[in-house]
Amino acid sequence: MNNNDLTNRFYYIYRFIVIVCIILCVRIIYINVVEGEYYSNIANDSIYKDITIPAPRGEIRDRNGILLAGNKPIFTVKISKNEIDRLGKTDKQKKEQINIIALKLSNILIKNKEKIEDSLPILIQDSDYKFTFDEDIRKWKELNKIPLEKTAKESFYIIVENYQKENGITLNSDLSVVEVQKILNEAGIYPPISVKDNMEFTRQLDKEQWLYKYGIQDKNISAKDAFIKIRENRRIDETLTDLEARNILVIVDAVESKGYLQYEPALIAKDISQKTVALIQENRVDLTGVSVQVEPLRYYPQGNLASHIIGQIGKISSQDEYFLEDERYSKSDYVGKSGIEYIYEKHLKGTNGYEKVLVDSAGKKIRDIDHKEGVSGNKIFLSIDAKLQKVAEISLEKTLKTLQVGGVYESKWGNTNMAGATKIYKNANAGAIVALDIKTGKVLAMASYPSYDPNIFTNGLTKAQYDSLQPENPNDPLSPKPLFNSATMTAVQPGSIFKMVSALAGLENGLDPYYSIQDKGYIDLGGGAVYGNWLWNQSRQTQGYENVITALKDSNNYYFYCISVGYNFATDQKIPMGDMKKGKAILDMARKFKLDQKTGIEIYEVAGTVPDPKVKYEQKKALLKDDITEKMKDKFNDITPSSNEAEYKKRVDTIISWIDENPSRAEIISRLSNLKVKSSKLEEIADLLKYTYFMHADWTTGDIFNMAIGQGEHQYTPIQIARYISAIANGGYLNTVSVVDKLVNKQTGEDTFIENERLRVELSNYGNLEYIKQGMIDVTDEGTAKDIFSKFPIRVAAKTGTAETQGKIPTKDEVNYYLSHLDYYNVDRSEVLKLAGKIKSESKYKYKEEYYIKSAILQLNPRLKLDNLDTFKETYSDYSWFVAYAPYDNPQIAVVTLLFQGGSGGHAGPATRDVIAQYMGIYDGEVKLHDEKDDLKIKVEQTEENKDKITTYTLPTQQTYVQEVAIPKKEEPKIEPKVEQKSSENKAPVENEQQQEQPASYEDEGVIFDESNTP
């Protein structure tokens, strides 16, 4: 090659480079000068956003590692607005496209009976259109017995008034509404009312905000008119029915609710079947923007087991929005609503992963930037033993169902007849069992019947599921409530299981344990006040001479009547012991066992109530005020409340003040006359004041008698009683109760053990506990529980208790009940209905319909009393209590059983015995639990084309199940999504993980905090 050729080549290369540089320079100048503003806007409007990838919640296991709450992988359907918007250029085209896709997708899901995530707040039922916002407000008012016409402000102050009445307090009138709200919140009361500016229901504010999103500013618009406007706004095909249109709007609303988070796909359905996945795949050409992902779903492999301990989860509501202050939460998250799920929410919550994307100013995704997997939540090991829990629940249910038919509770340790002497306890349909570790206060089992399956809350409730959780008879306060934990939330009279407190109070006050009192059957205090021993009341028999030990064995009321006031009524002599201070010594002993305080268990509980003479006085005075204010309206000669309100109030207050001195009947009549009460009403009002209120305002000897045997004003929960029994068994040590053994940090593996507080009950002589324990062992050796434990190989100390209840059981339809017995009431139906309507129209407040019916009947037949109206209703049966600890010589477990309307305390004995048998390893039967591995599978369903091929695959535990999956074709039934496992260096296989992390037995483990309100 000559030099000229080489020179020419360099020349051409040089020219090419110059031309390219000139083009680049021109392009740069063009971009910066001509289109500079355009690209500057793009850069300025582009924002980096994170799409949340949900992390699994932490596991909840029993003390032996049995899984109680975990996560399973499920298919979810999501839809991305970004991708749909690309199908149209104009707003009209975009709306039409999403409507087509939404209709197609909803038809597929409905055809396969999948549950769509329906948050559209307009319901259509039988051509009736309703806002869910309005329904929520109505239900809340009905639940709290607030008239439906009341405003938010009026409703708020009704709640405040009820709070003051229930707690016997009066709030300072100078408090601001915000301060009053804070007081209610601290008491666990959360009215759904915004107190800012003009008070309004929070759901009403939500409604206004939602309507505004669709350009509707009329906050009083009807649900139907709003639906029509929204349907028109979204350009939904007019040929479609309103139900079809609603199906479209459910999906559209889910997408539009993302607002400026359009880059985040909207969840449409969860836990869909393989068949549905295949159909979506077949129609993917018509389902732009629709994707199927695998995500974790909270699940409870043991179903109902320990549901009241574990609790449930639900979507973040307006009352839970404080969670959003934590960056780990988004508004679509599910959070704990009750139980351990609620109390340890922050511990169980995982750290979500993310997909970082670049979006424009409208929130539309431009491109993907980064991706990070989430980290699952931390573990919790409970103190309960799942098998012991199962036996407790089985035994409790078996007992109640046997009682309802008057059957026989069968057991290898002896059969027990559950029929009462005169009746069958068909209304025995609720109860609780609590088992505590006597040394540590740890909960070994806690059963409440009826229970519920927490799995139904993980994917939204159906109407049928919601209805199943409601009480069968809403008018009956004892009607079984599946969501109600009777072990920690039911405080009732203890009956004879309280006698150990009375006995110990006497012993600590100098009572000789062997001092004998002859049972005379009954004590007559005069004035018709007769207090009998249970055996005398039952068969007119007596039990002979009793001391502390034998009185506990025989549950002799006569003995405890005597020691409660330090007087032997059989010999008419004072008992050689210290002053019992009108029963105050017994009340003080109850407080030493902290029966007026919460036990400290982590989940929600109520505190019991030790009777207080002052409280009784204040309650009686409050009742007097309400009663006399109403009754005196037409009793004065010269005034009425409307004619002279100030004078009327002054005279009523004067009458109420007489309760402090309790004047004679004649003196009351004279004073009423001086106040110008009508002469025809003097004796009626005087008798009401004297015999209903004045004579019963202070504690009487009868009140002390009732208190000493566990009747009267006592109210304690099963968990409180279990702690008290444990303290008797362990030498007087009162443990804080806990249901958690340890917390395990998922990332570090560090264990945090929950330690208990342990204090000793203050006694002058701890040896007195031995007499109590001797009485309790005699109960099973030769006393009231002898038949239950006669064949049992382990010595058990126990005590039976029957807590008396009074009153009639309300019917489901009270109006129908009263109208169906008008012949007995001797009144005419038409007159009753006419008068009831008149009373209702003139009433200042709105009451239940039966109130007006009852009022009309009583006015038409003045000879009737209120109690006469309930003549044909069933009477409540007594509460049945049974407490025990075992083994007697080396106490390890305390068990308490409570049966609602269970009759005799002995009826609760067999279930208590079965729990002890399981704990001691001698239970008669195999206890089977669900294998968690069965649930960590996605099942491939049969199709018409592939009936015989049912394939499953199992995913390892503790993974991040949030990966988009390739949707399989219909002819390929086996699904194997790619699921990326977290890094787990130096980690044993999953099969060994459970074995390694099983906790041993730990002592002195306890509680760290208490639960607040549960909506």
Side-chain angles (χ1 to χ4, degrees), residues 165 168 170 523-531 582 611-706 712-713 806-807 825-827 835 839 842-844 851 854-871:
K165 284 183 178 179
T170 301
I523 298 173
D524 189 347
L525 296 178
V530 178
Y531 295 83
K582 294 185 177 181
D612 187 338
K614 293 179 181 177
V615 171
K616 181 191 175 184
Y617 170 81
E618 292 298 333
Q619 289 175 340
K620 208 70 174 177
K621 193 171 182 178
L623 289 172
L624 170 61
K625 182 177 180 179
D626 290 343
D627 197 5
I628 208 69
T629 300
E630 181 67 26
K631 281 189 167 60
M632 296 304 292
K633 286 181 178 179
D634 60 350
K635 301 299 190 296
F636 293 107
N637 286 314
D638 57 336
I639 64 168
T640 63
S642 57
S643 67
N644 192 338
E645 184 178 359
E647 179 61 23
Y648 179 80
K649 184 178 183 301
K650 180 180 178 182
R651 293 184 191 183
V652 167
D653 289 342
T654 299
I655 294 172
I656 294 170
S657 68
W658 300 341
I659 195 172
D660 296 328
E661 52 183 306
N662 187 16
S664 66
R665 181 175 184 271
E667 176 64 19
I668 295 173
I669 292 174
S670 174
R671 294 182 184 185
L672 290 172
S673 179
N674 292 335
L675 290 176
K676 299 181 181 180
V677 173
K678 295 176 181 178
S679 59
S680 61
K681 300 296 181 181
L682 288 174
E683 291 192 358
E684 175 190 335
I685 300 301
D687 288 343
L688 174 70
L689 295 172
K690 180 68 177 177
Y691 302 115
T692 302
Y693 294 104
F694 295 174
M695 288 185 62
H696 301 284
D698 289 324
W699 262 39
T700 64
T701 301
D703 289 324
I704 299 171
F705 282 1
N706 276 328
E713 303 301 317
Q806 297 178 343
Y825 305 143
N826 196 25
V827 292
L835 182 55
I839 295 171
E842 295 175 352
S843 177
K844 199 173 181 181
Y851 170 84
K854 288 192 293 183
S855 298
I857 293 171
L858 292 173
Q859 285 189 34
L860 291 169
N861 187 352
R863 291 176 297 176
L864 288 172
K865 294 186 181 298
L866 190 59
D867 290 345
N868 299 140
L869 301 185
D870 295 336
T871 299

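We count residues from 1, following the sequence as given.
- A salt bridge links E667 to R671: at least one charged side-chain nitrogen sits closer than 4.0 Å to a carboxylate oxygen.
- Here the OG1 atom belonging to T629 is positioned 6.5 Å from the CG atom belonging to D626, to the nearest 0.5 angstrom.
- With K681 contributing its side chain and M632 its backbone, the two residues share no donor-acceptor pair below 3.5 Å.
- For the pair T654 (side chain) and K650 (backbone), a donor-acceptor distance under 3.5 Å is present.
- Checking side-chain atoms of Y825 against main-chain N and O of N868 turns up no donor-acceptor pair under 3.5 Å.
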Run the numbers on D627 and L688 for side-chain contact (heavy atoms from CB on, under 4.5 Å), then give the verdict. CA-CA 10 Å; D627 197 5; L688 174 70; 3.9 Å; yes
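- A pairwise comparison of heavy atoms in T700 and M695 identifies CG2-O, 4.0 Å as the closest pair.
- Checking side-chain atoms of Y648 against main-chain N and O of S642 turns up no donor-acceptor pair under 3.5 Å.
- Nearest approach of I628 to L689, heavy atoms of both residues: CD1-CD2, 3.8 Å.
- Contact record, N826 with N861: CB-ND2, 4.1 Å, taken as the closest heavy-atom pair.
- Nearest heavy-atom pair, K690 versus I668, reported as atom, atom and distance to 0.1 Å: CB-CD1, 3.9 Å.
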Go through it in stages, so that I can follow the logic: the residues are E713 and V615, the test is side-chain contact (heavy atoms from CB on, under 4.5 Å), and I'd like the CA-CA distance, side-chain angles, deciding distance and then a yes or no. CA-CA 10 Å; E713 303 301 317; V615 171; over 6 Å; no
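- The ring-ring contact (aromatic ring centres under 6.0 Å, His included) analysis of residues 666-706, with sequence neighbours excluded, yields the pairs Y531-F705, Y561-F705, F569-F705.
- When the side-chain hydrogen bond (donor to acceptor under 3.5 Å, both in side chains) test is applied to K676, no partner is found at least two apart in sequence or on another chain.
- Using a 4.5 Å cut-off on side-chain heavy atoms (C-beta onward), D638 and E647 make no contact.
- In this structure, the separation between NZ on K649 and CD1 on I656 is 8.5 Å, given to the nearest 0.5 Å.
- By the 6.0 Å contact criterion, CD on E661 is enclosed, its count of non-hydrogen atoms from other residues, nucleotides or ligands being greater than 12.
- Annotation: side chain of T692 is not in contact with side chain of L623 (no heavy-atom distance under 4.5 Å).
- Summarising the geometry of A686 relative to R665, their closest heavy-atom pair is CB-O, 4.5 Å, with the distance given to 0.1 Å.
- Interatomic distance, CD1 of I523 versus OG1 of T701, reported as 10.0 Å (0.5 Å rounding).
- Atom NZ of K625 sits in a sparse spot, with 12 or fewer heavy atoms from other residues, nucleotides or ligands closer than 6.0 Å.
- The NZ atom of K631 lies 8.0 Å from the CD atom of E684; values are rounded to the nearest 0.5 Å.
- By the neighbour-count criterion of 12 heavy atoms within 6.0 Å, atom NZ of K582 is sparsely surrounded, having that number or fewer from other residues, nucleotides or ligands.
- Residues I839 and Q859 approach most closely at CD1-NE2, 3.5 Å, considering heavy atoms.
- From L672, atom CG reaches atom OG of S679 across 12.0 Å, with rounding to the nearest 0.5 Å.
- Side-chain N or O atoms of K635 include none that pairs as donor or acceptor with a backbone N or O of L682 at under 3.5 Å.
- Atom CD of E645 has 12 or fewer neighbouring heavy atoms from other residues, nucleotides or ligands inside a 6.0 Å radius.
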